[in-house]
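Shown next, in structure tokens, is the structure this report addresses.
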Amino acid sequence: MMDYDYDIVIIGSGLGGLTAASLLSRMGFKIVVVESRNRIGGRFSTFEYEGFKLPTGAILIPDGWVVNLLEDMGIGADNLRPITQVYYRIDGERYEIPAEIGVPKVLDIIDKLERKDAEKKKRPVKPVELRKIMRGYYKKMRGINQEETITVRDWLLQYTENEKVHDAFDTLCTGLMMAHSWELPVSKFFLFQEMTKFYISPDGNLSIVEELAKVVEKTGAVWINSPARKINIKEGKATSVIVEKEGKQIEIKCQMVISNIGAKSTVNLAGKENFDNGYLEKMRIKLRPSPCLLVLVASDKPLCLEGINNGLEIIMGSRRIKTVIPISNICPELVPAGQHLIYTSAKSESTLHPMDIKYEMQQVKSDIREFFPDFENYGRILKIRACGIINEWPEGRTWLGYGMPLETPISNLFNVGDSCIAPGLIGTPGSVESGYRVADIVKKIL
Ligand SMILES: Cc1cc2nc3c(=O)[nH]c(=O)nc-3n(C[C@H](O)[C@H](O)[C@H](O)COP(=O)(O)OP(=O)(O)OC[C@H]3O[C@@H](n4cnc5c(N)ncnc54)[C@H](O)[C@@H]3O)c2cc1C
């Protein structure tokens, strides 16, 4: 077996792993990142298909952590394309609503529609209770009791039974927090750090992670097609990682291991026997992976937001599709000439149970036909990725507010990535923030 020596081995080249790797490389540590796939970036990457540059997972880059990382690394974020306009489709009508006033404005529209409909049908109004909800909303924003375990839906039921209002809150929860409103505790909901501006990379996310990899490669290495098979633990410390590279097993000796493959897979690589029961129990009860269907729809003519090159659409009252991003309007360079592309990730009926993929797909197709009437004549489903809770590719490795600590019972083994999101963060910002945190800890230790 060949031997290598590095200060730190990072397992997985997702956004969290590469954040930690690039920051620690810049501090002078000799790093190797090992990646099992033939491409870096994990759920924040790009693959080519029929001339389209398609995302492997994330598409929207919220302003903040990711952009700051690029600036810190001297990569710059100038070429990212901003999405500044958010449109809501409510009862078939489209409304442009600035992200900063999203919730009250949506409720106000629902209120007006409800009154109009009740008057037309001569039925009693199902009150929206806008004022009461907003009073309760702002009160919770000022301070939340972390012990509060009622769900978002139950909290909202104190104020209203209007179905459209409940649907609006569910759309918010599934779109941004990884769980349904009847699953997520209200205490977690109000931790959420608002996102008001998003970006898309016109060169695909792979180009971003490649820039991060270049920072690492100045003093270290990034190996693709190199799955880690084992983390060796001796006397309570990680001493080396066994990696398969070019058909051979190699041993990388190191002072520190950072794993970006999710807390559960880290335990499997290092051996359950090296973790105390408290840690394993926490992992079992805390981590809540979130499933979704990533659906990429190509067409010969635009299917939504025609002529708008900086907007996305949020659909209320759908079966599954909540957010629609017309990628080709914003970044036409990602699609072949004359083609259009929309991106949507659809949340299944439950985020707690494995998806019935066939059934979920039928629901998504019904949504597509209903909301994009031109689909039948001009569109086709280009790619679908089932991101389940039992495979290693969920939309998020855990819901908002349910991150594991970065530290493990093994003093020089850390996790990074979206299984370790800080309270209030989710997705790419959550992964990047965990990379900053772990780099800080490691710097102090080594
Ligand atoms: C469909 C979908 C849509 C999403 N949309 C958004 C969005 O719009 N905005 C947003 O902010 N977030 C979004 N997310 C979430 C976001 O993509 C993730 O939170 C983030 O990319 C996770 O990064 P990570 O650091 O946890 O690493 P991961 O992406 O999980 O990467 C881990 C890497 O480790 C590798 N690996 C696994 N096992 C091994 C091994 N044994 N040895 C070596 N390598 C290994 C994997 O191949 C992978 O490359 C979306 C996710 C999905 C799936």
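Predicted, not measured: the structure shown is a model, and the values here were computed from it. Both counts, for ligands and for their atoms, begin at 1 and track the order of listing.
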Going by distance only, is there an N or O of [X] that falls short of 3.5 Å from an N or O of ligand 1?
| X | answer |
| --- | --- |
| Trp393 | no |
| Ser226 | no |
| Ile59 | yes |
| Gly17 | no |

What do you reckon, does [X] put a non-hydrogen atom under 4.0 Å from ligand 1?
| X | value |
| --- | --- |
| Tyr343 | yes |
| Ser45 | no |
| Pro394 | yes |
| Pro227 | yes |
| Pro62 | yes |

What part of Ser431, side chain from CB on, backbone N/CA/C/O, both or neither, has a heavy atom under 4.0 Å from ligand 1?
side chain

Have a look at ligand 1 and work out which part of Cys292, if any, has a heavy atom under 4.0 Å from it: side chain, backbone, both or neither.
side chain

So, [X] side chain and [Y] main chain: donor-acceptor pair closer than 3.5 Å or not?
| X | Y | answer |
| --- | --- | --- |
| Thr56 | Gly42 | yes |
| Arg26 | Asp72 | yes |
| Ser45 | Ile40 | yes |
| Asn415 | Thr408 | no |

Students should be able to answer this: which protein heavy-atom is nearest to [atom], and at what distance?
| atom | result |
| --- | --- |
| atom 5 (N) of ligand 1 | Ala58 CA, 3.3 Å |
| atom 49 (O) of ligand 1 | Glu35 OE1, 2.7 Å |
| atom 29 (O) of ligand 1 | Arg43 N, 2.8 Å |
| atom 31 (O) of ligand 1 | Gly14 CA, 3.3 Å |
| atom 25 (O) of ligand 1 | Gly16 N, 2.7 Å |
| atom 38 (N) of ligand 1 | Ile261 CG2, 3.4 Å |
| atom 40 (C) of ligand 1 | Ala228 N, 3.8 Å |
| atom 45 (C) of ligand 1 | Ser36 OG, 3.3 Å |

Where ligand 1 meets [X] - atom numbers and elements under 4.0 angstrom, heavy-atom basis:
| X | result |
| --- | --- |
| Pro429 | 11 (O) |
| Arg37 | 46 (C), 47 (O) |
| Gly42 | 29 (O), 31 (O), 48 (C), 49 (O) |

With the threshold set at 4.0 Å, does a side-chain nitrogen-carboxylate oxygen contact exist between [X] and [Y]?
| X | Y | result |
| --- | --- | --- |
| Glu433 | Arg437 | yes |
| Arg397 | Asp418 | yes |
| Glu217 | Lys214 | no |

Answer yes or no: are there more than 12 heavy-atom neighbours, outside Tyr378 itself, under 6.0 Å from its atom OH?
no

For Trp399, does the six-membered ring have the charged nitrogen or CZ of Lys188 within the cation-pi criterion, i.e. under 6.0 angstrom from the centroid and within 45° of the normal?
no

Could you tell me if Arg288 sits above the aromatic ring of Tyr402, with its cationic atom closer than 6.0 Å to the ring centre and no more than 45 degrees from the axis?
yes

Heavy atom to [atom], shortest distance: which of [options] holds it?
| atom | options | result |
| --- | --- | --- |
| atom 7 (C) of ligand 1 | Leu60, Asn260, Leu294 | Leu60 |
| atom 15 (C) of ligand 1 | Arg39, Glu395, Met178, Arg385 | Glu395 |
| atom 34 (O) of ligand 1 | Gly12, Gly41, Gly430 | Gly12 |
| atom 19 (O) of ligand 1 | Thr428, Leu293, Asp418 | Asp418 |

Tell me, with the steps shown, if Val209 and Phe44 meet side-chain contact (heavy atoms from CB on, under 4.5 Å).
CA-CA 8 Å; Val209 287; Phe44 185 77; 3.8 Å; yes

Once the angle between the rings of Trp155 and Tyr137 is folded into 0 to 90°, is it parallel (under 30°), tilted (30 to 60°) or perpendicular (over 60°)?
tilted

Dump the intermediate steps for side-chain contact (heavy atoms from CB on, under 4.5 Å) on Tyr95 and Lys105, then the final yes or no.
CA-CA 10 Å; Tyr95 302 86; Lys105 188 69 197 163; over 6 Å; no

Taking it one step at a time, do Ser348 and Glu360 satisfy side chain to side chain donor-acceptor pair (under 3.5 Å)?
CA-CA 6 Å; Ser348 46; Glu360 291 300 327; 4.9 Å; no

Which heavy atom of Gly17 sits nearest a heavy atom of Asn260, and at what distance?
N-OD1, 3.1 Å

